[in-house]
Protein chains: 2
Amino acid sequence: MNEPVGLRELKKERTRETIAETAIRLFLAKGFDQVSVTEVAATAEVSRRTLFAYFPTKEDLVLQRFADHESEAARIVRSRPAGQDPLEALREALLAALEQRDPNTGLTDDPEAKAFFGMILGTESLAVRLTRYASRGIDALAEALREAGADPLVARLTAAQVLVVQHELAVMNHTCLTAGESAGERHPEAVRAAERAFDLLSHGVGDKASGAPPAPRSEQVPRPQ
Amino acid sequence: MNEPVGLRELKKERTRETIAETAIRLFLAKGFDQVSVTEVAATAEVSRRTLFAYFPTKEDLVLQRFADHESEAARIVRSRPAGQDPLEALREALLAALEQRDPNTGLTDDPEAKAFFGMILGTESLAVRLTRYASRGIDALAEALREAGADPLVARLTAAQVLVVQHELAVMNHTCLTAGESAGERHPEAVRAAERAFDLLSHGVGDKASGAPPAPRSEQVPRPQ
DNA sequence: CCTTCCTCCTGCATCCAGTGCAAAGATGCA
DNA sequence: TGCATCTTTGCACTGGATGCAGGAGGAAGG
């Protein structure tokens, strides 16, 4: 599990970075659909053919950085404190991510991160390809939940629900931010929404999908790590 | 909102049908990726260019029939009996669909429907494009839930959860059927899974995602409102 | 029946994403 | 230095998708 870093591996990694950076820079500047891979390749000073050796599709130029995060949720569940409920671990991780303005929560003031997020949501082919990564994330999370002792059916359904909900929350946050709010302004509401969402996951919408907020879980045991 | 059916409209509709049917027939026979649109066009006896006038992409040749169903869930909620809980309406609709072996539940013995379902799930570009239709379904269902009086946040999250869960259930059913089970054999388990899923939606996974089935909801209070 | 108009169909040229192949170049190693 | 291996590259090709201009065939009016 180690890198025998020879000249080859080094240059490869560097080339890969250069290509991805160049691509994202161009895409952010002119729009994903307005830039051809030929243009990316030329700007990154590699041949078209080489670019495709590193990134199987144009979309992957943007999204492969999500590949690392695709099993994030599963990892959180696996590395949770002994005895802690998986959902609780995921909830805390989300709140922590919001606190740190993790770009994946949609809650960040970094203009480039916002633009990046917006580009993905606003580009059909990217949004679509992103769900592919998400669905692999579902598989991973479901597996982790089974390891945690969940019934396979429940594990799968819960995994799907958690990830779709996290995605929706991120989209909502991003929407508010592009509407002019700052991350700081949005943060309290983002936290409320996240807690509400996990309440729904834990306790359901009840018999009334319309219901008022269920008993607000005012104080949460503060568990960093 | 009416069709002034002249010869033109008639032929157009017929052509559209012919193209879609031809395409699906060819795709089922040889696989989606193994058939080019050129071949579809030739077989349907229209020009390539005409085909693209009817269907914007190759995927739409297969998926546009889902466009009608994309707001199905929203319709169910809107047309539910007065006083019924939206989730309850969706639950009943799903059980009814299972009973009728609705192909969309993945539970059908019709070989063509099974093959169709399998082709979509087994073809990257189709599976991915399908989620696009699903996400429009989320928008519609969320809107319907808001109309039903739900808090906007809850509406959106619930809508996303319901549809993702229905999709997962359908995939599970389809998996069992392709493994050799008949729809009749699978049905009881499919019903159990569906009820379990709606229990999760209504009452949550509880504090233990691992828990044994929560108190079996023998009878549902029929009238919370 | 003929003419005019309009719409839809068609072929062609073109762009772009993605792949196979074989030659040329760089690197690691003896 | 020389050999084996892996990268890079150019080229040709497939297949999806679009723009354009001309043609065919319904629709409408005389």
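Convention: sequence-line order gives letters A, B, ...; per-chain numbering from 1. All values derive from a computational prediction rather than experimental measurement.
When all heavy atoms of B/V62 and B/F27 are compared, the closest pair comes out as CG2-CD1, 3.5 Å.
Of the candidate nucleotides C/dA26, C/dC8, D/dG10, C/dC8 has the atom lying nearest to any side-chain atom of B/K12. Each of D/dA17, C/dT27, D/dT7 was ranked by its minimum atom distance to the side chain of B/T57; first place goes to D/dA17.
Here D/dT8 presents its P atom at 13 Å from CZ of A/R14, a figure rounded to the nearest Å. In this structure, the CD atom of A/E9 is 9 Å from the P atom of C/dC29, given to the nearest Å. Between the CG atom of A/L51 and the P atom of D/dT7 there is a distance of 16 Å, given to the nearest Å. One can place CG of A/L26 at 16 Å from C1' of C/dC16, the figure rounded to the nearest angstrom. A/D60 places its CG atom 14 Å from the P atom of C/dA17, with the value rounded to the nearest Å. Regarding B/L10, its CG atom lies at a distance of 15 Å from the C1' atom of D/dG25, rounded to whole Å. Between the C1' atom of C/dC8 and the CZ atom of B/R16 lies a distance of 14 Å, rounded to the nearest Å. A straight line from CD of B/E39 to C1' of D/dT14 spans 14 Å, rounded to a whole angstrom.
OP1 or OP2 of C/dT27 has at least one side-chain nitrogen or oxygen of A/K11 nearer than 4.0 Å. When the side-chain nitrogen and oxygen atoms of A/Y54 are compared with OP1 and OP2 of D/dT8, one or more of them lie within a distance under 4.0 Å. Remark: B/T50 is in phosphate contact with C/dT10, judged by side-chain N or O atoms under 4.0 Å from OP1 or OP2.
Taking CG of A/L201 as the start and CZ of A/R196 as the end, the distance is 12.0 Å to the nearest 0.5 Å.
The closest side-chain donor-acceptor pair between B/T105 and B/D102, if any, does not fall under 3.5 angstrom.
At a threshold of 4.0 angstrom between heavy atoms, the contacts of A/S36 are confined to the sugar-phosphate backbone, with no base atom among them. Nucleic acid contact class of B/V35 (heavy atoms, under 4.0 Å, all strands): sugar-phosphate only. Among the heavy atoms of the strands, none lies under 4.0 Å from A/F55.
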Polar atom pairs between nucleotides 18-22 of chain D and protein, under 3.5 Å, N or O only, would you list them?
unit_1	atom_1	unit_2	atom_2	d
D/dG19	N7	B/R49	NE	3.4
D/dG19	N7	B/R49	NH2	2.7
D/dG19	O6	B/R49	NE	2.5

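By the 6.0 Å contact criterion, CD on B/E45 is open, its count of non-hydrogen atoms from other residues, nucleotides or ligands being 12 or less.
At least one side-chain heavy atom of A/L98 sits less than 4.5 Å from a side-chain heavy atom of A/N173. In this structure, the side chains of A/L63 and A/I120 come closer than 4.5 Å at one or more pairs of heavy atoms.
Within the structure, no pair that satisfies the salt bridge (Lys or Arg N to Asp or Glu O under 4.0 Å) test touches residues 108-122 of chain A, not counting sequence neighbours.
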